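Scroll down for the structure; my scribbles are underneath it.
Any value given below was found using the heavy atoms of this structure, including those in side chains, with hydrogens, waters and symmetry copies removed. Position 1 is the first residue of the sequence; numbering continues from there. Nothing here was measured: the structure is a model prediction, and the numbers come from that model.
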Amino acid sequence: MRPAPTILHLDMDAFYASAEQAAKPSLRGKAVVVGGLGPRGVVATASYEARRLGVHSAMPTAQARRLAPNAAYLVPRFSLYRTVSEQVMGLLGRLSPLVEPLSLDEAFVDLEAGGTADDAASARATGEGLRAAIHAVTGLSGSVGLAGSKMLAKIASEQAKPDGLVLIEPGTERDLLAPLSVRVLPGVGPATGDHLRRAGMTTVHDLAEAGEAELVRLVGKAHGHGLHRMALGLDDRPVVAERDAKSVSVEDTFDVDLHDRVRVRAEVERLAVRCVERLRAADRSGRTVVLKVRRYDFSTLTRSETLRGPTDDPTVVREAAGRLLESVDTTGGVRLLGVGVTGLADFTQEDLFAQAADARELARRAVEEREPAGEDGGRESAPEPEPESPEPLAARRWPAGHDVHHEVHGHGWVQGSGIGRVTVRFEQPWSAPGRVQTFRVDDPRLLPADPLPLVREPPDYSSWPASLPKSRSGPDSAAGGLSSP
C-alpha cells in the first residue's frame, strides 16, 4: 500500500454505446444497445438510458429487445473504438511511463512513476485534468478512481460512475471496504461469492473477521491468503506497463445452425484469415493453431495443432484450421466456430512456407485416397452450398449503425436493411440530427465508409500535462469515500 493515492484507474463510461451516441446526434439521450443483432446475439454494451430499462452487457439481445423495444440496436464498429482507445491511451502515456491497459476502455496508471502526483491534492488535480482532456479530445466521458493500490483504485472508479472522480484517502481503506459485498474483491466471481455466502460471508468485513485460516480452508491456500489480505485493504500489485497477450482468436456465432460441411469449412477459413489479420496488427506470430466448435447441443470441442515454428502466414493458419476441422463431427449442426493462435512470438519461422506446401500436398493425397470416383472415372465434386437468402446478405453488407457515404447526400449511417432496401440517416458527429432516406441495397451511389472522428478539431495536447486543463467542477466529483457521485 502506498502512503498517497497515486494509482489511477480509468474506466470509460459505457464505451461502445457512448461512442455511438457521440457519432450519431439523433441517438443522444436515447437508449442504445451495441452487440450482435441476430437471434443468438449478445449485448456488448448498453447506454445508461438502456441500463435504466434493465438492459446490461452479456444479456441475450432477444431479451434486451423485450425490455427496450424502442432502443437503437447497432452492430459494433471496432475500428472506431480502437481509434478512440488509442487517443485515450496516448493521453495516459503522457501522465506516466507505467500504463497498464486492461481493455480498449480501461487502464491503470502509476502517477508517482510519471512524477505527475505525489499526494492527494496533486493526484486529484491530475485526475480531473485527465477527465477534461479526454472529453476535449474524444467527446466522451471517463470515470476516475484514485487510491494507494490497484484494487482500491478500481473500486473507486466503479463508484465514480458515470463521469465522476472518487479519491480514497490512505488510512480509510478498511472502514470503506467493510460494508461492501465480497464481489468487489478481485478474483471473487459468482461461484466463489456463492460459496462464501453459504459459509455466512457476504461482506468484506465478514472476510476480515473470519481470518486467513478459515478462508484457506474454504477456497484453498493461494486464493485464501490473497483474499484475506485484500479484505484488510492490502494490495501490493504493481502497475505493469507490458501485458503480453497469450493468444489471439476470433469467433462467430451463427443465427442458424450450419449443416453444410462446405459452408462450415468456408467459415473456418474466413475466421483463420481474420485471426491472422489481428495477429499481424499486433506484430506477433504464433506456433499453435486452435479450432473451437460449438455444436447444436451446446457441446464445445477444441482441437489444436502445433507447427514447427511461429508463423503469421494466412495460408499456414487456414490450412491447419482446415485439417483440425476434419477431426470434428459436425453432422448435427454448428452454432459457433472459432480460430485462434497461441504460443505467440515476435518473429516468424521462414521454413513454414515449405511446411504449407507440404501440408497442401499431404491434404491433396488424402483427398484422392478418400474420395470415391464418379461415373466418368473422375473425382466427385463437393456439393455446392445453398445460397443465402437476400435478407442475411443485405444485413451483412449494410450492418446497422455502420458508416456509409452517398455521392449526393454525403456521410450517414445505416438504420436498418430489409426487403431489398437500406435506410440511412445522414448526419455527422458535429451536425444536428439528420434526415432519413431509403435506397435499394444495390444502389451504386451508396458505399460503405470509414467512421468520422468524434471531435472535428481536437485541441493540441502536445504540452500536456505540464499545463493541466482546468478541472470540470460540479456535483459529479466526489472525494474521501465510496459514495456514489
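No donor-acceptor pair under 3.5 Å is formed between the side chain of S304 and the backbone N or O of V290. Listed for the R77 side chain is no donor-acceptor partner under 3.5 Å among the backbone atoms of H402. Under the 3.5 Å distance criterion, the side-chain polar atoms of Y73 are matched with a main-chain donor or acceptor of R65. Put simply, the side chain of R425 gets close to the backbone of G434: a donor and an acceptor are under 3.5 Å apart. With R335 contributing its side chain and F298 its backbone, the two residues share no donor-acceptor pair below 3.5 Å.
The shortest distance between side-chain heavy atoms of V268 and L324 does not fall below 4.5 Å. Within the 4.5 Å cutoff, no side-chain heavy atoms of E100 are placed close to those of V109. Contact of the L95 side chain with the W464 side chain is registered, since non-hydrogen atoms from C-beta on lie closer than 4.5 Å. Residues L111 and I7 fail the side-chain proximity criterion, which asks for heavy atoms closer than 4.5 Å. For the pair R421/F439, no side-chain contact is recorded, criterion being any heavy-atom separation below 4.5 Å from C-beta on. Side-chain contact check for T311 versus R287: every heavy-atom pair is 4.5 Å or farther apart. Put simply, the side chain of L185 reaches to within 4.5 Å of the side chain of L227, judged on heavy atoms. Taking the side chain as every heavy atom from C-beta outward, T288 and V341 never approach each other to under 4.5 Å.
To the nearest 0.5 Å, atoms CZ (R131) and CG (D163) are separated by 4.5 Å. For the atom pair CG (L454) and CG (L140), the distance works out to 5.5 Å, reported to the nearest 0.5 Å. One finds the CG atom of D105 at 9.5 Å from the OG atom of S18 (value rounded to the nearest 0.5 Å). In this structure, M59 CE and R51 CZ are separated by 11.5 Å, a value rounded to the nearest 0.5 Å. In this structure, D460 CG and E457 CD are separated by 12.5 Å, a value rounded to the nearest 0.5 Å. Separation of atoms CD1 (I155) and OG (S149) is listed at 7.5 Å; rounding is to 0.5 Å.
Between R270 and E267 a salt bridge is recorded (basic side-chain N to carboxylate O distance below 4.0 Å). Taking a cutoff of 4.0 Å between a charged side-chain nitrogen and a carboxylate oxygen, D257 and R295 do not qualify as a salt bridge. Between K154 and E106 there is a salt bridge, since a side-chain N of the basic residue sits under 4.0 Å from a carboxylate O of the acidic one. We find that R274 and E251 are not joined by a salt bridge, their nearest charged nitrogen and carboxylate oxygen being 4.0 Å or further apart. For the pair D313 and R318, the salt-bridge criterion is not met [side-chain N within less than 4.0 Å of a carboxylate O]. Ion pairing between K24 and E427 fails under the 4.0 Å rule for side-chain N and carboxylate O. Between D13 and K161 there is a salt bridge, since at least one side-chain N of the basic residue sits less than 4.0 Å from a carboxylate O of the acidic one.
Across all their heavy atoms, L271 and V250 have their closest contact at O-CG2, 3.2 Å. Minimum heavy-atom separation, A160 to S143: O-OG, 3.8 Å. Nearest approach of P101 to A241, heavy atoms of both residues: CD-O, 4.2 Å. Minimum heavy-atom separation, V441 to R397: O-NH1, 3.0 Å. Between P314 and R280, the shortest heavy-atom distance links the atoms CD-NH2, 3.3 Å. Heavy atoms only, all atoms of each residue included: A68 and L53 are closest at CB-CD1, 3.7 Å.
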Requested in this report: Quick one: do L291 and T302 satisfy side-chain contact (heavy atoms from CB on, under 4.5 Å)? Show the steps, please.
Outcome: CA-CA 6 Å; L291 175 70; T302 57; over 6 Å; no
Report task. May I have the step-by-step check of side-chain contact (heavy atoms from CB on, under 4.5 Å) for V289 and T342, ending in yes or no? Result -> CA-CA 7 Å; V289 179; T342 65; over 6 Å; no
**Report entry** Derivation and outcome, side-chain contact (heavy atoms from CB on, under 4.5 Å), residues R94 and T116
**Finding:** CA-CA 9 Å; R94 291 185 171 275; T116 48; over 6 Å; no
Requested in this report: Output, in order, the C-alpha distance, side-chain angles, deciding distance and verdict of side chain to side chain donor-acceptor pair (under 3.5 Å) for E20 and Y81.
Outcome: CA-CA 9 Å; E20 297 297 347; Y81 311 147; 2.6 Å; yes
Report task. Take L74 and W413 through the side-chain contact (heavy atoms from CB on, under 4.5 Å) test and state the conclusion after the steps. Result -> CA-CA 10 Å; L74 309 175; W413 58 276; 4.0 Å; yes
Report task. Could you check E49 against R28 for salt bridge (Lys or Arg N to Asp or Glu O under 4.0 Å), going step by step and ending with a plain yes or no? Result -> CA-CA 10 Å; E49 295 84 357; R28 293 170 191 169; over 6 Å; no
Requested in this report: Show your reasoning for whether ring-ring contact (aromatic ring centres under 6.0 Å, His included) applies to H259 and Y296.
Outcome: CA-CA 10 Å; H259 293 85; Y296 69 99; 8.1 Å; no
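Other residues, nucleotides and ligands contribute only 12 or fewer heavy atoms inside 6.0 Å of the CG atom of D450.
R445 is linked by a salt bridge (Lys or Arg N to Asp or Glu O under 4.0 Å) to D443, counting only residues two or more places apart in sequence or in another chain.
Relative to the ring axis of F78, R82 does not place its NZ or CZ within 45° and under 6.0 Å from the centre. Under a cutoff of 6.0 Å and an axis angle of 45°, R40 and F254 do not form a cation-pi pair.
Applying the side-chain contact (heavy atoms from CB on, under 4.5 Å) test between S96 and each of T6, V239, D110 identifies D110 as the sole match.
Side-chain contact, D11 with S157: no donor N or O sits under 3.5 Å from an acceptor N or O.
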